[in-house]
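All remarks here apply to the structure that follows.
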Amino acid sequence: MTLTAVKGFNDILPDESRRWQHIEQTARRVFELNGFGEIRVPVMEKTELFCRSIGDATDIVEKEMYTFTDKGENSVTLRPEGTAGVMRAFIEHKLYAQDPVAKLYYMGPMFRYERPQKGRYRQFHQIGAEITGVHDPLADAQVLNMLATFFREIGLTEPTLQINSLGCPECRPAYRTALRSFLEERLGALCEDCKRRFATNPLRTLDCKVPGCIESTAGAPSVLEHLCKGCDDHFSTVKHYLDLSATPYSINARMVRGLDYYTRTTFEMVTGLLGSQSAVAAGGRYDGLISQLGGPAIPGIGFAMGLERVALLLGSQEFTTLPDLFIATMGSSERDVAFSLLDGLIKSGVRVEMDYEGKSLKSQMRRADKLKARYSVVIGENEVAAERATFKRMADGLQSDAALTVSGIQTLVMKSEQ
RNA sequence: GUGGCUGUGGUGAAGCGGUUAACACGUGCGACUGUGACUCGCAUAUUCGAGGGUUCGAUACCCUCCAGCCACCCCA
């Protein structure tokens, strides 16, 4: 093995790729039904965009970005997430000017320089959606409901919705202070990581996995009890709408997000089936982000889901399409007829296969079987002369005679579809 | 960035100092010279992640490196 892919960058082979297409198509259908339109933004942005949106002090920006200087001496970065780029485009094209409410979705590769592990790669893929311009909790509820619907449609019951509110710049500082003084008293009992978190990001101690920390922080003050009137009302209304739309959820007051821009509603779709990668999709409200990026003071809410993780949850479900017909030929003179048929049938929407290399009939039949073709037909001199052939239904070996023409075969194949 | 585990064919793997590197699946061809699936036969790793070392001899033991996986950190 001389030349291999870059660490953490994977090839998606056809079988896997079909599973991905199924996920993408389902997302498109559900999102479009909700009135979202796809936006396609570049995979690379100016580094500054991510520093200003995600937050300079976050791990993503500090140590996980693919940042380099291009030939024009500009610092550019392969996008580590989607929202920042979408919001940059939103502002750049003044989308708010033509419609106060924008509903956008996107899908594509993201890049983070992390140590690869199950469900986490350096190039990974996300499908995300954003609503901008709506303060009302109805937007939160629609986004959450849409996400839940997506998972239901894709056939998964496993990831479950957890919601929380992180408050706003009004009430969060007070909560931070309260939490900090609570932690300060138990600092000795916390793990090394949590001692560090106490200084850098005290909220993070709440989702530490070390048993000792879970125990010591059990009685920690809850964000939800420190919300200001506005945030509290907002959260209640979100819950109200979720109940109205029968969207199942649970409240997790210890849920923390890794990006600085989140305010108020935050949420995750979590699973216990992916080891440590429990978050399959996550997001939240970001009321300050757009203005922070130099745009108008417009609120937003959105989420992103990890395609690799959804694909893992779908497991080995197959999404292959099988050939309708395999054409076997006796000799080289029949291959012209076969190829013309193949061409005509494909053009009329029939999935056909034939042998490429003039192999023995036995080999061709074996291949027909291996490809799981529904029908097979053998074309020899007699068939060409008579313009009729015997078609064999592979499943049970039943043979039937039909015209050796595109329309003749098409009817035969279509007829047996029901 | 830190830790643990693992590296034998297309795949799953046996072998743990001297073997034709077992077996199974897969793949190709044939038995059936105009028909697949079942069965049977043949073929399919000059080589055991790479480089050193120990030894008469190393896939096996030692060292280094590399890769993969999983976990931590963090995150979708």
Side-chain angles (χ1 to χ4, degrees), chain A residues 1-2 4-8 10 13 23 54 57-65 79-83 107-129 147 159 191-194 196-197 200-201 204 207-210 255-259 267-271 274-284 302-313 326-331 334 355 357 359-383 389-397 399:
Chain A
M1 196 72 72
T2 46
T4 58
V6 174
K7 186 192 192 81
N10 300 123
L13 274 21
I23 297 167
I54 299 168
T58 57
D59 276 38
I60 295 179
V61 171
E62 268 187 359
K63 47 186 209 191
E64 295 173 1
M65 294 207 306
R79 62 180 183 193
E81 60 104 39
T83 304
M107 50 184 71
M110 306 293 160
F111 307 85
R112 254 120 102 160
Y113 191 89
E114 301 178 271
R115 200 74 171 257
Q117 79 197 66
K118 188 188 181 77
R120 146 190 299 180
Y121 304 101
R122 290 183 174 180
Q123 176 179 320
F124 61 105
H125 299 76
Q126 290 189 334
I127 301 179
L147 188 56
C191 69
E192 287 312 305
D193 282 329
C194 281
R196 197 196 69 236
R197 289 176 184 127
T200 59
N201 189 353
R204 278 243 104 77
D207 66 355
C208 181
K209 288 160 193 149
V210 176
M255 188 174 79
V256 192
R257 309 268 59 246
L259 287 67
F267 53 91
E268 278 184 9
M269 296 290 300
V270 297
T271 175
L274 296 182
S276 66
Q277 266 58 54
S278 59
V280 179
F303 65 80
M305 69 176 121
L307 206 28
E308 283 83 354
R309 294 179 186 183
V310 177
L312 278 171
L313 288 177
F326 187 94
I327 303 175
T329 52
M330 290 309 298
E334 286 84 35
D355 165 62
E357 300 173 89
K359 291 198 172 166
S360 71
L361 183 60
K362 180 188 187 65
S363 290
Q364 296 186 57
M365 290 306 291
R366 270 215 263 252
R367 183 156 175 78
D369 185 60
K370 200 186 102 189
L371 294 173
K372 298 197 173 73
R374 281 196 302 125
Y375 277 91
S376 69
V377 64
V378 177
I379 303 181
E381 285 178 39
N382 301 343
E383 286 79 5
T390 305
F391 288 80
K392 182 176 191 174
R393 188 158 62 183
M394 297 299 278
D396 55 9
Q399 315 227 52

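The minimum heavy-atom distance linking A:Pro116 with A:Lys7 is given by the pair CD-CE, 4.0 Å.
Counting any heavy atom pair closer than 4.0 Å across all strands shown, A:Gly397 reaches a base atom. Within 4.0 Å of A:Thr390, counting heavy atoms only, lies no atom of the nucleic acid at all. Here A:Glu383 lies in heavy-atom contact (under 4.0 Å) with a base. A:Ala304 comes within 4.0 angstrom of sugar-phosphate atoms only, judged by non-hydrogen atoms across all strands, and of no base.
Nucleotide B:G36 holds its P atom 8 Å from the CG atom of A:Leu361, rounded to whole Å. Between A:Arg309 atom CZ and B:C74 atom C1' the separation is 10 Å, expressed in whole Å. Note: CZ (A:Arg204) to P (B:C73) measures 10 Å, nearest angstrom.
Residue A:Arg374 places no side-chain N or O under 4.0 Å from the OP1 or OP2 atom of B:G36. Taking only side-chain nitrogens and oxygens, A:Arg367 never comes nearer than 4.0 Å to OP1 or OP2 of B:U27. Checking the phosphate oxygens (OP1, OP2) of B:G28, no side-chain nitrogen or oxygen of A:Ser363 falls inside 4.0 Å. Dashed line: the shortest gap from a side-chain N or O of A:Lys370 to OP1 or OP2 of B:G36 is not under 4.0 Å.
Heavy-atom nearest nucleotides on RNA chain B were determined for A:Ala279 and for A:Met330, and the one closer to the 5' end corresponds to A:Met330. Mapped onto RNA chain B by nearest heavy atom, A:Gln126 and A:Val378 fall at different nucleotides, with A:Val378 at the one closer to the 5' end.
A heavy-atom distance below 4.5 Å is not found between the side chains of A:Arg122 and A:Val6. A:Arg309 has its side chain within reach of A:Arg120: a pair of non-hydrogen atoms, C-beta onward, lies under 4.5 Å apart.
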Encode nucleotides 65-70 of chain B as B, S and - characters from 5' to 3', where the letter depends on protein heavy atoms closer than 4.0 Å: B to the base, S only to sugar-phosphate, - to neither. ---S-S
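As the counterpart of B:C48, no nucleotide is assigned, since no Watson-Crick or G-U wobble pattern has both distances under 3.5 Å. The partner of B:A67 is B:U6, judged by Watson-Crick or G-U wobble contacts that both fall below 3.5 Å. Nucleotide B:C16 is matched to nothing when pairs are restricted to Watson-Crick or G-U wobble geometry with both distances under 3.5 angstrom. Using N1 to N3 plus N6-O4 or O6-N4 for Watson-Crick, or N1-O2 and O6-N3 for G-U wobble, each under 3.5 Å, B:U35 pairs with nothing. When both distances must be under 3.5 Å, the Watson-Crick or G-U wobble mate of B:C74 does not exist.
Annotation: B:G26 and B:A37 have their P atoms spaced 12 Å apart (nearest Å). Between B:U46 and B:A22, the distance separating the two P atoms is 12 Å to the nearest Å. Spacing of P atoms, B:G7 relative to B:A13, comes out at 10 Å, to the nearest Å.
The residues A:Glu81 and A:Arg112 are annotated as not salt-bridged, no charged nitrogen and carboxylate oxygen being separated by less than 4.0 angstrom. Between A:Asp369 and A:Arg366, no side-chain nitrogen of the basic residue sits less than 4.0 Å from a carboxylate oxygen of the acidic one, so the salt-bridge criterion is not met.
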Protein N or O to nucleotides 38-42 of chain B N or O, pairs below 3.5 Å:
none

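For A:Arg120 against B:C74, a side-chain N or O and a base N or O form a donor-acceptor pair under 3.5 Å.
Of the residues A:Ile23, A:Ile127, A:Leu307, the one that meets the side chain to side chain contact (heavy atoms under 4.5 Å, CB included) test with A:Met107 is A:Ile127.
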